Q: 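Quick one: structure below, then a few questions.
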Amino acid sequence: MLQTYEKTKSPDIQGKADIEFKKITSFPRGTLYSLLRDAYSFEKKFERDCFNQWREFDDFFYDNPHIADTCGFITTYDKAPIGFVSWNPTNIPVSAEIGHNCISTKYKGNGYGKRQMQEAVKRILAQGAEKIVVTTNEILVSAQHTYESSGFRFIRKKEEPFYAEYAGMRMDYEIVAR
C-alpha cells in the first residue's frame with residue numbers, strides 16, 4: 001500500500017537552513033514545470049527539447065493527485081518550492097525508478113539535492129522497493145554527485161537516444177535495499 005506524506009521536516013544539518021518536504025498538491029499546477037525549467041536553464045536546449053514532456057508531466061501529476069502525493073514531493077526552503085523528486089512505483093517490490101529530480105539554480109550547491117534524494121530513498125524503501133534505479137546524463141555532474149553521495153552506485157554508461165549532442169551519455173545508478 002502506498003503511503004501519502006503530508007509534510008516532513010529535514011533537520012538542520014551542518015549549518016544548512018531547515019528545509020521541508022511537502023505534498024506536490026500543496027502547490028499550484030505549473031510548479032513542477034517551473035522548477036524543471038529553472039533547474040535546466042543552464043542549457044537552453046533542454047527546455048527547447050523537453051518543453052512538451054515537462055508540461056505533460058506537470059499535468060499528469062496535478063490530474064492524478066493520489067499519484068502525486070505518494071510518488072513524489074516538493075522540497076521547500078522558507079516555504080517556497082526549491083526542488084522536487086518523483087518516482088515510478090509500478091515495479092515495486094522489485095524496483096522503483098526515480099523520474100524527475102531537480103533543485104532550482106539559486107539553491108544548487110548547498111546540499112539540498114542530497115537531502116531531497118535521501119528523503120526520496122527513505123520513502124521509496126518504505127513503500128517496499130528492493131531496488132531503486134535512476135538515470136542521468138553525463139553533462140549533469142552535480143546529479144551524479146548527488147546520487148553517489150546518497151548511496152547509489154554507478155552501474156553503466158549507455159547511449160543517449162535523444163540529447164546526445166549536448167547531454168552526453170546516459171548514466172545508470174542503483175541502490176539495492178539491504
Side-chain angles (χ1 to χ4, degrees), residues 24 30-64 67-68 70-75 82-125 127-178:
I24 289 173
T31 300
L32 303 177
Y33 167 78
S34 294
L35 288 166
L36 286 164
R37 185 175 180 214
D38 178 79
Y40 288 93
S41 63
F42 67 92
E43 174 55 76
K44 293 298 180 190
K45 293 175 189 169
F46 277 115
E47 183 178 7
R48 178 196 72 198
D49 294 343
C50 299
F51 174 84
N52 288 333
Q53 190 268 347
W54 291 346
R55 283 282 186 205
E56 289 170 7
F57 171 80
D58 189 278
D59 285 341
F60 175 81
F61 266 56
Y62 284 94
D63 289 345
N64 297 281
I67 295 172
T70 58
C71 300
F73 58 84
I74 289 179
T75 301
I82 66 164
F84 79 93
V85 62
S86 64
W87 57 90
N88 181 343
T90 306
N91 294 320
I92 289 177
V94 174
S95 66
E97 182 177 359
I98 301 286
H100 287 296
N101 171 48
C102 69
I103 294 290
S104 294
T105 302
K106 177 180 174 182
Y107 296 94
K108 290 181 181 181
N110 293 300
Y112 301 131
K114 177 180 178 179
R115 291 167 66 194
Q116 175 176 277
M117 186 51 53
Q118 289 170 331
E119 179 71 14
V121 167
K122 181 177 89 175
R123 291 181 184 201
I124 294 167
L125 293 176
Q127 290 177 355
E130 296 170 8
K131 178 169 64 171
I132 305 170
V133 296
V134 65
T135 298
T136 191
N137 294 93
E138 202 169 34
I139 193 175
L140 301 174
V141 175
S142 61
Q144 296 164 37
H145 291 296
T146 297
Y147 299 133
E148 291 168 4
S149 69
S150 299
F152 286 83
R153 97 184 149 88
F154 173 75
I155 301 299
R156 71 182 154 275
K157 284 187 181 183
K158 59 187 177 187
E159 291 296 317
E160 166 55 69
F162 305 110
Y163 318 114
E165 72 276 7
Y166 59 88
M169 302 280 285
R170 283 196 179 193
M171 301 179 69
D172 293 339
Y173 291 85
E174 71 178 23
I175 285 180
V176 177
R178 309 256 178 241

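What you are looking at is a predicted structure, and each value in this text was computed from that prediction instead of being measured. Heavy atoms only: backbone and side chains are in, while hydrogens, waters and symmetry mates are out.
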Q: To the nearest 0.5 angstrom, please state how far the OH atom of Tyr107 sits from the SG atom of Cys102.
A: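 Nearest 0.5 Å value for the OH-SG distance: 13.5 Å.
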
Q: How close do Asn137 and Gln144 get, heavy atom to heavy atom, and via which atoms?
A: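 Asn137 and Gln144 have their closest heavy atoms at O-NE2, 3.3 Å.
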
Q: Check the surroundings of atom NZ in Lys108: do more than 12 heavy atoms from other residues, nucleotides or ligands lie under 6.0 Å from it?
A: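 Counting neighbours around NZ of Lys108, more than 12 heavy atoms of other residues, nucleotides or ligands fall under 6.0 Å, so yes.
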
Q: On a heavy-atom basis, which atom in Leu32 and which in Asp58 lie closest, and how many Å separate them?
A: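 Where Leu32 meets Asp58 most closely, the heavy atoms are N-OD2, 3.0 Å.
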
Q: Heavy-atom distance under 4.5 Å between the side chains of Arg37 and Leu35, does that happen here?
A: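 Side-chain contact under 4.5 Å: no.
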
Q: Any heavy-atom pair between the side chains of Pro89 and Thr70 that's under 4.5 Å?
A: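 The answer is no; the side chains never approach within 4.5 Å.
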
Q: Could you tell me if Glu148 and Tyr173 have a donor-acceptor pair between their side chains, going purely by distance under 3.5 Å?
A: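 Judged by distance alone, the side chains do pair up.
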
Q: Taking Ser86 for the side chain and His100 for the main chain, is one N or O donor matched with an acceptor at less than 3.5 Å?
A: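 Looks like yes, one N/O pair under 3.5 Å.
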
Q: Drop me the distance from Glu174's CD to Thr135's OG1, to the nearest 0.5 angstrom.
A: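 Between Glu174 CD and Thr135 OG1, I get 10.5 Å after rounding to 0.5 Å.
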
Q: Give me the atom names and distance for the closest heavy-atom approach of Ala129 to Ala177.
A: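 Minimum heavy-atom separation between Ala129 and Ala177: O-CB, 4.0 Å.
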
Q: Identify the heavy atoms of Ser150 and Gln118 that sit nearest to each other, and give their distance.
A: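 The pair with the smallest heavy-atom distance is OG-CG, 4.1 Å.
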
Q: How far apart are the C-alpha atoms of Arg48 and Lys45, what are their side-chain angles, what is the distance that settles it, and do they pass the side chain to side chain contact (heavy atoms under 4.5 Å, CB included) test?
A: CA-CA 5 Å; Arg48 178 196 72 198; Lys45 293 175 189 169; 3.8 Å; yes

Q: State, yes or no, whether a side-chain contact exists between Arg123 and Trp87 at a heavy-atom distance under 4.5 Å.
A: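 When only atoms from C-beta onward are counted, Trp87 and Arg123 do touch, with a gap below 4.5 Å.
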
Q: So how far is it from Asn101 CG to Thr146 OG1, rounded to the nearest 0.5 Å?
A: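 One gets 7.0 Å once the value is rounded to the nearest 0.5 Å.
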
Q: Does some side-chain heavy atom of Tyr147 sit less than 4.5 Å from a side-chain heavy atom of Val121?
A: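 Result no, sub-4.5 Å side-chain heavy-atom pair not found.
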
Q: Are any of the side-chain heavy atoms of Glu47 and Tyr40 separated by less than 4.5 Å?
A: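 No, side chains not in contact.
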
Q: Could you walk me through whether Thr75 and Arg115 pass the side chain to side chain contact (heavy atoms under 4.5 Å, CB included) check?
A: CA-CA 9 Å; Thr75 301; Arg115 291 167 66 194; over 6 Å; no

Q: Could you state the interatomic distance from CD1 (Ile124) to OG (Ser95), rounded to the nearest 0.5 Å?
A: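 The distance works out to 10.5 Å.
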
Q: Check Arg170 with Glu159, please: is the shortest side-chain N to carboxylate O separation under 4.0 Å?
A: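 No, no charged N to carboxylate O under 4.0 Å.
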
Q: When rounded to the nearest 0.5 angstrom, what is the spacing between CG in Asn64 and CD1 in Ile24?
A: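 Between Asn64 CG and Ile24 CD1, I get 11.5 Å after rounding to 0.5 Å.
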
Q: So which of Phe61, Phe60, Trp54 actually passes ring pair (Phe, Tyr, Trp, His ring centres under 6.0 Å) with Phe57?
A: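 Among Phe61, Phe60, Trp54, the one meeting ring pair (Phe, Tyr, Trp, His ring centres under 6.0 Å) with Phe57 is Phe61.
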
Q: Is there a side-chain contact between Thr136 and Phe152 in this structure, where contact means two heavy atoms from C-beta onward sitting under 4.5 Å apart?
A: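 No. Closest side-chain heavy atoms not under 4.5 Å.
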
Q: Between atom CD1 of Ile103 and atom CG of Asn110, what is the distance when rounded to the nearest 0.5 Å?
A: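 Nearest 0.5 Å value for the CD1-CG distance: 9.5 Å.
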
Q: Do Glu97 and Asn91 have side-chain atoms, one donor and one acceptor, less than 3.5 Å apart?
A: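 The answer is no; no qualifying pair exists.
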
Q: Would you find a donor on one side and an acceptor on the other, under 3.5 Å apart, between the side chain of Thr105 and the backbone of Asp38?
A: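 Yes.
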
Q: List the steps, then state whether side chain to side chain contact (heavy atoms under 4.5 Å, CB included) holds for Leu36 with Cys50.
A: CA-CA 10 Å; Leu36 286 164; Cys50 299; over 6 Å; no

Q: Please tell me if the side chains of Glu160 and Met169 come closer than 4.5 Å, counting only heavy atoms from C-beta onward.
A: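 No. Closest side-chain heavy atoms not under 4.5 Å.
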
Q: Any idea which heavy atoms bring Lys158 and Asp172 closest together, and the distance?
A: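 Shortest heavy-atom separation between Lys158 and Asp172 comes out as NZ-OD2, 3.1 Å.
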
Q: Report the C-alpha distance between Arg153 and Ile155 in whole Å, list the side-chain angles of each, state the deciding distance to 0.1 Å, and finish with yes or no for side chain to side chain contact (heavy atoms under 4.5 Å, CB included).
A: CA-CA 6 Å; Arg153 97 184 149 88; Ile155 301 299; 3.6 Å; yes

Q: For Arg55 and Tyr33, which heavy atoms make the closest approach, and how far apart are they?
A: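 So the minimum-distance heavy-atom pair works out to NH2-CE2, 3.4 Å.
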
Q: Do Ile74 and Thr31 come within less than 4.5 Å of each other through their side chains, counting heavy atoms only?
A: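 SC-SC contact between Ile74 and Thr31 confirmed.
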
